[in-house]
Amino acid sequence: MPELPEVETIKNELLPRVRGHRVSDVTLSWEGIARQPGADEFRSRLVGRKITGITRRGKYLIISLDSDDLWVVHLKMTGSLIIKPDGAEPPQHTRAVIRLDNGTSIFFRDPRKFGVMQLVKDKSTIANKLGPEPLTREFTPRLLAQRLAQRTAPIKALLLDQSLIAGIGNMYADEALFAASIHPLRSGSSLSPEEIERLHHAIQKVLKAAVNSKGASVDTYFRPDGTIGTAHFSFKVAHGKGKTCPRCGAPIERMVVRNRGTYLCPRCQK
DNA sequence: CCCGGAACCTGAAGGC
DNA sequence: TGCCTTCAGGTTCCGG
C-alpha cells in the first residue's frame with residue numbers, strides 16, 4: 001500500500017524519467033480514474049503539456065505542467081505507476097496510459113480501482129485538508145502533543161487521520177506504535193509527554209528507514225521500474241501473522257481498530 | 001468539531 | 001474442483 005515512503009520513492013524515481021518531456025497521448029481504459037474534470041476534458045488538458053516537476057504532499061503526487069494545471073495522482077491502496085518503453089505489454093489491470101514524447105509511457109495500474117487522478121488549479125485544494133509533513137522540521141514533539149490533546153479516539157486511528165499528520169498509513173502506524181511501545185487503543189489525550197516524544201521519534205525513524213529501503217512491497221506496490229521496495233523485510237509487527245516479537249519473543253497479535261487490521265506485541269505495547 | 005462505521009472496489013484466500 | 005464468503009485498506013461520506 002503506498003504510504004509516505006512509497007509515494008516519496010515513486011516521486012524520486014519517476015522525476016528523472018519524465019521531467020522535461022511532453023505528454024503525447026492519454027488513454028483511459030477505465031474512465032472513473034479521472035476524478036476531475038471528466039475523462040474528455042482530462043485528456044484534452046493533459047495532452048501536449050510538458051512535465052516540469054513532481055512533488056509529494058502526504059500520499060499525493062503533485063505533477064506540475066507547463067500550464068496552470070497541476071496533475072494530482074493518488075494511488076490509494078493498490079495503484080502503481082510503471083514506466084515502460086512504447087510498445088511494451090501493458091501491465092495487468094492498467095487503467096490509464098500516459099504516453100510521453102521520449103518513447104516511454106507511464107502505466108497507471110490499479111487492480112482495485114481506488115486510485116484517482118485530478119487536474120486542479122491550486123495546490124491548496126489538496127494541501128489544506130492535510131496535517132503537517134512528518135519528515136519536516138515543522139513536525140515537532142510539541143506540535144504532535146498539541147494535535148493529540150483532547151482527542152479521545154485510539155492513537156492508531158489518530159495516526160491514520162491525514163488531517164492530523166499527513167502520509168502515515170496502516171503499516172507504518174503499526175510499526176511506529178511498536179517502536180514507541182504504545183498500545184494502539186490508547187486514547188490520544190492519555191499519552192504522557194514522554195510517550196509523545198517516543199512516538200514522534202518512532203514516526204520519523206520508521207518513515208526514514210522505509211524511504212531508504214525504497215518503500216515496502218507487501219501487496220501490489222512497485223517502483224516505477226517495476227522492481228520492489230524492501231522496507232517490509234524490516235517490519236517488526238506490521239502484517240506480522242505468525243511472527244514473534246523481536247524484543248520479548250511473545251507472539252504478535254492481530255486486532256481490529258476502526259476496521260483496520262492492527263498488529264502489536266501485547267507484552268511490549270502498553 | 002469529534003468519533004465511528006459504511007461504502008467504494010476486485011483479487012486472493014479460506015471454508016465447505 | 002468449485003462455489004461462496006470474507007478480507008485487504010485510503011479516503012470520503014454520513015449519522016450520532
Side-chain angles (χ1 to χ4, degrees), chain A residues 1-11 28-36 56-62 72-81 90-96 108-118 120 125-131 133-134 146-177 184-191 203 207 210 215-222 229 231-232 235 237-243 252-264:
Chain A
M1 286 117 263
E3 305 179 21
L4 185 153
E6 289 74 30
V7 181
E8 179 72 14
T9 300
I10 292 167
K11 181 206 73 177
L28 304 179
S29 41
W30 181 64
E31 293 200 343
I33 200 165
R35 167 169 291 182
Q36 67 166 227
R56 178 193 58 74
R57 181 75 173 90
K59 302 171 193 169
Y60 291 86
L61 280 174
I62 302 173
V72 176
V73 176
H74 199 301
L75 299 168
K76 297 289 178 82
M77 294 168 51
T78 57
S80 44
L81 298 177
Q92 206 184 0
H93 310 301
T94 291
R95 309 303 184 189
F108 191 154
R109 74 174 291 270
D110 186 13
R112 253 169 262 180
K113 292 185 172 176
F114 276 34
V116 290
M117 299 192 285
Q118 314 171 236
V120 302
T125 56
I126 288 145
N128 286 353
K129 296 179 297 188
L130 297 175
E133 284 291 324
Q146 280 171 9
R147 310 216 106 204
L148 294 179
Q150 321 290 113
R151 301 294 298 261
T152 59
I155 184 64
K156 169 70 187 276
L158 294 171
L159 289 178
L160 297 180
D161 181 348
Q162 301 301 296
S163 68
L164 201 123
I165 311 170
I168 300 175
N170 203 39
M171 304 181 295
Y172 297 109
D174 284 357
E175 287 300 307
L177 287 171
L185 289 179
R186 292 278 301 283
S187 73
S189 60
S190 76
L191 299 186
I203 289 168
L207 293 178
S217 291
V218 293
D219 196 358
T220 57
Y221 162 74
F222 295 99
H232 53 297
F235 281 174
V237 293
H239 297 270
K241 237 179 287 183
K243 282 188 194 171
I252 296 303
E253 258 179 28
R254 179 182 188 273
M255 62 189 303
V256 175
V257 181
R258 272 286 247 294
N259 283 328
R260 294 290 170 263
T262 298
Y263 295 90
L264 70 152

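Note: hydrogens, waters and symmetry copies are ignored here, and every other heavy atom, side chains too, is used. A, B, ... follow the sequence lines: proteins, then strands. Residue 1 opens every chain.
Here the P atom of nucleotide C/dT12 and the CZ atom of A/Phe114 are 13 Å apart, to the nearest Å. When rounded to the nearest whole Å, the span between CD of A/Gln146 and P of B/dC1 equals 18 Å. When rounded to the nearest whole Å, the span between CD of A/Gln92 and C1' of B/dA12 equals 12 Å. Distance CG (A/Asp161) to P (C/dT11): 10 Å, rounded to an integer number of Å. In this structure, the CG atom of A/Leu159 is 15 Å from the C1' atom of C/dG10, given to the nearest Å. Nucleotide B/dC9 holds its P atom 11 Å from the CZ atom of A/Arg95, rounded to whole Å. Distance CD (A/Gln150) to C1' (B/dC2): 12 Å, rounded to an integer number of Å. The distance between atom CH2 of A/Trp30 and atom P of B/dC8, rounded to the nearest whole Å, is 12 Å.
Inter-residue side-chain proximity for A/Arg147 and A/Leu158 is flagged as unmet; no heavy-atom pair is nearer than 4.5 Å. Residues A/Glu3 and A/Leu207 are not in side-chain contact: their nearest non-hydrogen atoms beyond the backbone lie 4.5 Å or more apart.
The side chain of A/His74 places an N or O atom within less than 4.0 Å of a non-bridging phosphate oxygen (OP1 or OP2) of C/dT11. Not one side-chain nitrogen or oxygen of A/Lys113 sits closer than 4.0 Å to the OP1 or OP2 atom of B/dC8. A sub-4.0 Å separation between OP1 or OP2 of B/dC3 and a side-chain N or O of A/Arg151 is present.
Comparing A/Tyr60 and A/Val256 against DNA chain C, the residue whose closest nucleotide sits nearer the 5' end is A/Val256.
Taking the side chain of A/Leu160 as heavy atoms from C-beta on, and the options B/dA6, C/dG10, B/dG4, the nearest nucleotide is C/dG10. For A/Asn259, counting side-chain heavy atoms from C-beta on, the closest listed nucleotide (B/dA6, C/dG10, B/dC9) is B/dA6. Taking only side-chain atoms of A/Lys129, from C-beta outward, the nucleotide of C/dT12, C/dG10, B/dG11 with the closest atom is C/dT12.
You won't find any donor-acceptor pair under 3.5 Å spanning the side chain of A/Arg260 and the base of B/dG5, going by distance alone. For A/Arg258 against B/dG4, a side-chain-to-base donor-acceptor contact under 3.5 Å is present.
Under the 30°/60° scheme for interplanar angles, the aromatic rings of A/Phe235 and A/His232 are found to stand perpendicular.
Remark: the A/Lys156 side chain and the A/Thr262 side chain contain an N/O donor-acceptor pair separated by less than 3.5 Å. Side-chain contact, A/Tyr172 with A/Glu6: a donor N or O sits under 3.5 Å from an acceptor N or O.
At the heavy-atom level, A/Thr78 lies nowhere under 4.0 Å from the strands shown.
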